[in-house]
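The sequence lines fix the lettering, A, B, ..., with proteins before strands; numbering per chain opens at 1. No hydrogens, no waters, no symmetry mates; every other heavy atom, side chains included, goes into these values.
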Protein chains: 2
Amino acid sequence: MNIHSFIFAAQMRIRDEHKEIIVKETALDMLVELGFDGFSMQKLAKKAGVSPATLYIYYKDKEDLIVQLGIEEGQKMTRSTMEGFSPEMSFEDGLRLQWKNRANYWLQNSVSSKFYEQIKHSPYYEKVMAVYKDEFKVKMTAFAKKAVLNGELKRLPFEVYWSLAFAPLYNLINFQMQGQSIGGLPFTWSEEIMNQTLELVLKALKP
Amino acid sequence: MNIHSFIFAAQMRIRDEHKEIIVKETALDMLVELGFDGFSMQKLAKKAGVSPATLYIYYKDKEDLIVQLGIEEGQKMTRSTMEGFSPEMSFEDGLRLQWKNRANYWLQNSVSSKFYEQIKHSPYYEKVMAVYKDEFKVKMTAFAKKAVLNGELKRLPFEVYWSLAFAPLYNLINFQMQGQSIGGLPFTWSEEIMNQTLELVLKALKP
DNA sequence: AAAATAAATGAACATTCATTCTTTTATATT
DNA sequence: AATATAAAAGAATGAATGTTCATTTATTTT
């Protein structure tokens, strides 16, 4: 093969993106329904209406499929979380926006969210995180640091800040998604409840 | 078989509890290391030095093994969390005790904790929770209700209270266990950091 | 010592698994 | 229309899976 044939090689038969999307969505559904065990390439191929061999055109192997899915869903979540966000916002406005964005995304994409919650607590997560850890980190630390300088936020170790600022939200959403009430009645999400919780978080974080 | 032989049947060859314990510990190790996929009955039998058939004396099937393990570890965690606790405690003392107990247990039993975190976000959890949800719920709601009456705690939906009171702790511990720092340096747990976080949680929850 | 019985075993089962091989199909350039 | 080429398919691979069967082992009562 010479340079000419390499660079100008004919690009024949494009990958069917529709098919690829169906594979992804089916995989997400199955992983959430069946768990990581219970899920298999053959089942996926069958349910997605695709040959098993086709999956290996899209992905190197099963692990790659799962990890890629994790990376992609993570990026979607992050993008959605940051929608409308700018570092110039006041701390309170920024946090409020992120809570709203996260809640909306999770409640409207419950399959993706459940999948992500699952992979987040699995051995796969190491490989998922390795990819997009940094871009996210940079934005978030900058936001927090500015808020500290402006006297809007207590000076705290980053992990402490993060745990106080977002863990309650995640937990609240998980209650909703799993119907996993501890109290008497099944818990029902509302924007009011979210705001009530956010106010208390802000109370904790303000200097 | 008549009544006599049923009631007074000879009890021959007791189950080897030592063997059962090794199976459990090995299973925990493998589940954490390999994830729910990656784990198999044959691998477990081999590593635990036991015949595959023996596993089916202890457990109905693979799912039963995993679920039973989840139930047992959950009970251990709960028992440990409640050690030294009494409903007569002040809200602040009670919360402080539970944070301390939880942190100690998680950090000293990291395999169990990682396993539990994993099963908690898997489809198995429904079956785990079904068992010991109630006994736990009763204690915790009573504690919170009393605190509200005494004016030590804001009146809140239970899930909001729970998410504020404990989610930050779980998140902080997860940072430590996964070495999953978002900020620059890897996060290192300390009792001081825990207390700092707890103070802010109390600030949020007090009326 | 014999009988009784559950624990424990090793080998075996059909099934499913992840993956690959060979062939066919569809598309874009020549 | 012929050619080139990657996408996609279907069938097949050996290995691994969950589970069971027939048998042996260990222990206690008779």
Subject >> Residue pair Tyr170(B) / Arg102(B), side-chain donor-acceptor N/O under 3.5 Å >> reply: yes
**OP:** Using whole Å, report how far OH of Tyr56(A) lies from P of dT20(C).
**Re:** 7 Å
Subject >> Heavy atoms from other residues, nucleotides or ligands near CD of Gln75(A) exceed 12 (cutoff 6.0 Å) >> reply: yes
Subject >> Sidechain N-carboxylate O distance under 4.0 Å for Lys100(A), Glu191(A) >> reply: no
**OP:** Tell me what Tyr59(B) touches on the nucleic acid: a base, only sugar-phosphate, or nothing, going by heavy atoms under 4.0 Å.
**Re:** nothing
**OP:** Compute the bend angle of the helix from dA1(C)-dT30(D) to dT30(C)-dA1(D) from the end axes (five pairs per end), rounded to 10°.
**Re:** 10°
Original post:
Whole-Å distance between dA16(D) P and Met30(B) CE?
Top reply: 13 Å
Subject >> Nucleotide nearest Asp61(B) (side chain, heavy atoms from C-beta), chosen from dT9(C), dT19(D), dA8(D) >> reply: dT19(D)
Original post:
In the 5'-to-3' direction, what one-character label does each nucleotide of nucleotides 11-16 of chain C receive under the scheme B = base within less than 4.0 Å of a protein heavy atom, S = sugar-phosphate only, - = no such atom?
Top reply: ------
Original post:
Can you tell me how far P of dT25(C) sits from CD1 of Ile57(A), to the nearest Å?
Top reply: 15 Å
**OP:** Would you mind reading off the distance between Asp37(B) atom CG and dG18(D) atom P, rounded to a whole angstrom?
**Re:** 11 Å
**OP:** Could you tell me the separation between the CG atom of Leu44(A) and the C1' atom of dC17(C), rounded to a whole number of Å?
**Re:** 14 Å
Subject >> Any side-chain donor near an acceptor of the partner, Thr81(A) and Gln98(A), under 3.5 Å >> reply: no
Original post:
Looking at the side chain of Lys62(B), which of dA8(D), dA18(C), dT19(D) is the nearest nucleotide?
Top reply: dT19(D)
**OP:** Count the heavy atoms of every other residue, nucleotide or ligand shown that sit under 6.0 Å from NZ of Lys43(B), and state whether that count exceeds 12.
**Re:** yes
Original post:
For the pair made of NZ in Lys46(B) and C1' in dA15(D), what is the distance, rounded to whole Å?
Top reply: 12 Å
**OP:** Measure the distance from CZ on Arg15(A) to C1' on dA9(D) and round it to the nearest whole Å.
**Re:** 15 Å
Subject >> Basic-acidic side-chain contact under 4.0 Å: Lys127(B), Glu63(B) >> reply: yes
**OP:** Return no unless some side-chain N or O of Tyr58(A) is found under 4.0 Å from OP1 or OP2 of dA8(D).
**Re:** yes
Original post:
Between Arg96(A) and Glu199(A), does at least one N-O distance fall below 4.0 Å, as a salt bridge requires?
Top reply: yes
Original post:
Is Lys114(B) salt-bridged to Glu117(B), cutoff N-O under 4.0 Å?
Top reply: no
Subject >> Between dT27(C) (P) and Lys19(A) (NZ): distance, integer Å >> reply: 10 Å
**OP:** Identify which one of Gln68(A), Lys62(A), Lys60(A) satisfies the side chain to side chain donor-acceptor pair (under 3.5 Å) criterion when paired with Asp64(A).
**Re:** Gln68(A)
